Amino acid sequence: MLDSCNGRVGSLYIHVPFCAQKCAYCAFFSEASSGEVINRYVSALSSEMELMAEDIRPHTIFFGGGTPSLLNLRQWQSIFGAMERLNLLGAEEFTVECNPATVSLDKARLLREHGVNRISMGVQSLNESLLDRLGRVHTRDMVFKSFDILRRAGFNNLNIDLMFAIPGQTIALWRETLDEALALGSEHLSSYEVIYEEDTPLFTQLKAHRFDTDEDLACAMYEELVERTTAAGFQQYEVANFARDKRLSSQRSTLDLPSHACRHNVNYWRGGSFHGLGPSATGYVRGVRTKNWSNTPLYCEQLENGSRAIESSEELSPLKRAGETAAFGLRMNIGWPFEEFHETTGHELRNEWADEINRCVEQGWGKITSESFQLTRQGLRFADSAAELFLR
């Protein structure tokens with residue numbers, strides 16, 4: 001398992017809540033803030049790291065947001081200085097999310113010099129009108145320029161994030177974006193259907209009937225995604241994630257993951273522990289789920305007073321946690337080998353969730369063998385609905 005080392009937690013998520021502007025679809029906690037607020041956040045984050053460092057020995061680190069690449073060189077240097085002092089550098093996989101509008105060669109080199117070895121770039125679309133519709137601050141040209149900068153800085157593990165079923169997006173536009181994105185030659189590609197979250201501009205527009213959703217079109221786009229990524233040499237290992245596999249057959253892991261799969265996310269999907277730092281960040285350690293305040297000034301104030309900025313804490317029952325682990329793990333193509341699920345949760349998937357498994361099989365969403373249960377290609381398309389069946 002990726003999540004522990006000598007009793008310490010091996011997976012660390014850090015939330016950077018700042019953006020140049022809020023995207024029309026985004027329901028994550030993020031805000032546009034001044035340099036003074038960001039400096040205060042950096043100081044508070046360093047304090048939170050200090051409080052937690054003894055329980056962390058990171059195999060994987062993930063800076064998400066927001067827009068982590070919005071931080072300037074001095075702010076990144078401060079964060080890396082704290083991480084070095086606390087022995088938090090040196091992770092096998094160290095990911096930072098970037099917006100193409102906020103990538104410079106100096107910043108990319110600084111990240112690389114401090115052990116960041118994976119960049120996830122939020123492209124979403126390569127069509128200018130659709131980028132405007134989503135409220136993105138970057139242009140298509142910035143994507144190509146930033147990709148080249150990251151390569152020049154020495155990054156050989158790059159992820160491209162795309163979205164489909166965007167209002168106004170046709171199947172022809174989607175194919176065009178896929179072709180251009182795949183031609184970049186990234187090692188990883190993630191692609192998500194637009195979700196209409198409450199309190200977002202796109203949700204308001206949908207409710208005002210300014211556009212309609214088209215489930216058949218969304219399904220067709222997902223099929224194009226799977227077919228074109230496979231043809232381009234990617235291996236799908238999760239509903240929305242595709243990676244290149246550059247290993248020899250003798251190097252294959254027990255999960256049979258492609259070599260450039262995101263190990264940090266795999267830890268989530270396999271029920272591993274992780275610490276979450278920063279405003280709104282969640283963590284799950286030793287059966288307890290925590291969530292930090294989704295309020296940057298309050299987060300900073302709590303840390304300045306010497307305490308964690310935890311808004312809520314919940315101890316999950318073994319059965320509830322097992323249900324969540326089943327649900328998240330089924331998002332992966334491998335599904336759940338029964339023996340692995342029992343080792344991970346202490347519960348028997350094929351017995352305690354027999355009705356749910358049979359229901360998925362009857363609907364064409366799942367397939368069962370003597371050794372495992374996994375979702376079919378159709379089931380993966382409706383993985384969220386399938387997952388809900390397994391929650392306890």
Side-chain angles (χ1 to χ4, degrees), residues 1-3 60 93 118 120 157 159-162 164 178 182 186-193 218-249 251-272 322-345 349-350 353 356-391:
M1 183 60 73
L2 299 169
D3 67 330
T60 70
E93 179 188 273
R118 184 176 184 272
S120 181
N157 191 359
N159 172 58
I160 297 296
D161 255 349
L162 298 176
F164 65 93
L178 276 176
L182 291 169
S186 68
E187 287 69 34
H188 194 284
L189 187 142
S190 300
S191 187
Y192 302 90
E193 181 178 352
C219 287
M221 288 180 172
Y222 184 73
E223 289 299 313
E224 288 284 335
L225 168 68
V226 174
E227 289 173 9
R228 287 179 183 248
T229 50
T230 301
F234 286 86
Q235 179 179 323
Q236 184 184 23
Y237 66 101
E238 192 266 351
V239 174
N241 285 273
F242 308 79
R244 296 194 186 276
D245 192 356
K246 299 185 178 181
R247 303 163 303 161
L248 300 173
S249 58
Q251 298 173 315
R252 297 192 180 279
S253 67
T254 53
L255 282 177
D256 200 28
L257 293 169
S259 59
H260 286 80
C262 179
R263 262 60 183 179
H264 185 86
N265 287 339
V266 169
N267 183 57
Y268 292 150
W269 298 322
R270 303 321 273 186
E324 289 188 359
T325 301
F328 281 115
L330 287 175
R331 294 183 60 86
M332 296 185 69
N333 291 50
I334 193 175
W336 274 114
F338 296 126
E339 185 176 337
E340 182 195 347
F341 185 82
H342 182 259
E343 290 174 357
T344 301
T345 68
L349 184 67
R350 77 182 107 191
W353 283 269
E356 290 80 4
I357 288 174
N358 290 335
R359 184 172 170 186
C360 284
V361 171
E362 289 168 2
Q363 289 185 243
W365 287 1
K367 56 183 177 182
I368 186 171
T369 69
S370 60
E371 296 181 350
S372 68
F373 172 69
Q374 63 194 111
L375 297 184
T376 61
R377 182 162 169 173
Q378 181 187 8
L380 287 171
R381 173 70 186 93
F382 299 103
D384 289 343
S385 297
E388 286 180 8
L389 300 176
F390 291 81
L391 297 176

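Note that the coordinates shown come from a computational prediction; the quantities given were computed from them, not determined experimentally.
A search for ring pair (Phe, Tyr, Trp, His ring centres under 6.0 Å) contacts involving Trp365 returns Phe382, not counting sequence neighbours. Residues satisfying the salt bridge (charged side-chain N to carboxylate O under 4.0 Å, His left out) test with Arg377, not counting sequence neighbours, are Glu223, Glu227. Looking at residues two or more places apart in sequence or on another chain, you find a ring pair (Phe, Tyr, Trp, His ring centres under 6.0 Å) between Tyr237 and His188. Under the side chain to side chain donor-acceptor pair (under 3.5 Å) criterion, Glu187 pairs with Arg151, not counting sequence neighbours. For Phe242, the ring pair (Phe, Tyr, Trp, His ring centres under 6.0 Å) test picks out no residue, with sequence neighbours left out. Remark: Thr376 engages Lys367, Gln378 in a side chain to side chain contact (heavy atoms under 4.5 Å, CB included) (not counting sequence neighbours). The side chain to side chain contact (heavy atoms under 4.5 Å, CB included) search around Thr230 returns Val226, not counting sequence neighbours. With sequence neighbours excluded, the residues forming a salt bridge (charged side-chain N to carboxylate O under 4.0 Å, His left out) with Arg381 are Glu193, Glu215, listed by chain and number. Contacts of Ser186 classified as side chain to side chain donor-acceptor pair (under 3.5 Å), with partners at least two apart in sequence or in another chain: none. Applying the side chain to side chain donor-acceptor pair (under 3.5 Å) test to Arg244 and every residue at least two apart in sequence or in another chain returns nothing. Residues passing the salt bridge (charged side-chain N to carboxylate O under 4.0 Å, His left out) test with Glu356, sequence neighbours excluded: Arg392.
Judged purely by atom type and a 3.5 angstrom limit, Arg350 uses its side chain to pair as donor or acceptor with the backbone of Ser370.
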*Worked verdict on His342 versus Trp336 for side-chain contact (heavy atoms from CB on, under 4.5 Å)*: CA-CA 10 Å; His342 182 259; Trp336 274 114; over 6 Å; no
*Would you please test Leu389 and Trp353 for side-chain contact (heavy atoms from CB on, under 4.5 Å) and show each step?*
CA-CA 9 Å; Leu389 300 176; Trp353 283 269; over 6 Å; no
*Gln236/Leu225 under side-chain contact (heavy atoms from CB on, under 4.5 Å): CA gap, chis, key distance, verdict*: CA-CA 10 Å; Gln236 184 184 23; Leu225 168 68; over 6 Å; no
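Within 6.0 Å of CZ on Phe338 lie more than 12 heavy atoms contributed by other residues, nucleotides or ligands.
Listed by first and then second residue, the side chain to side chain donor-acceptor pair (under 3.5 Å) pairs that reach into residues 382-391 are Arg331-Asp384, sequence neighbours excluded.
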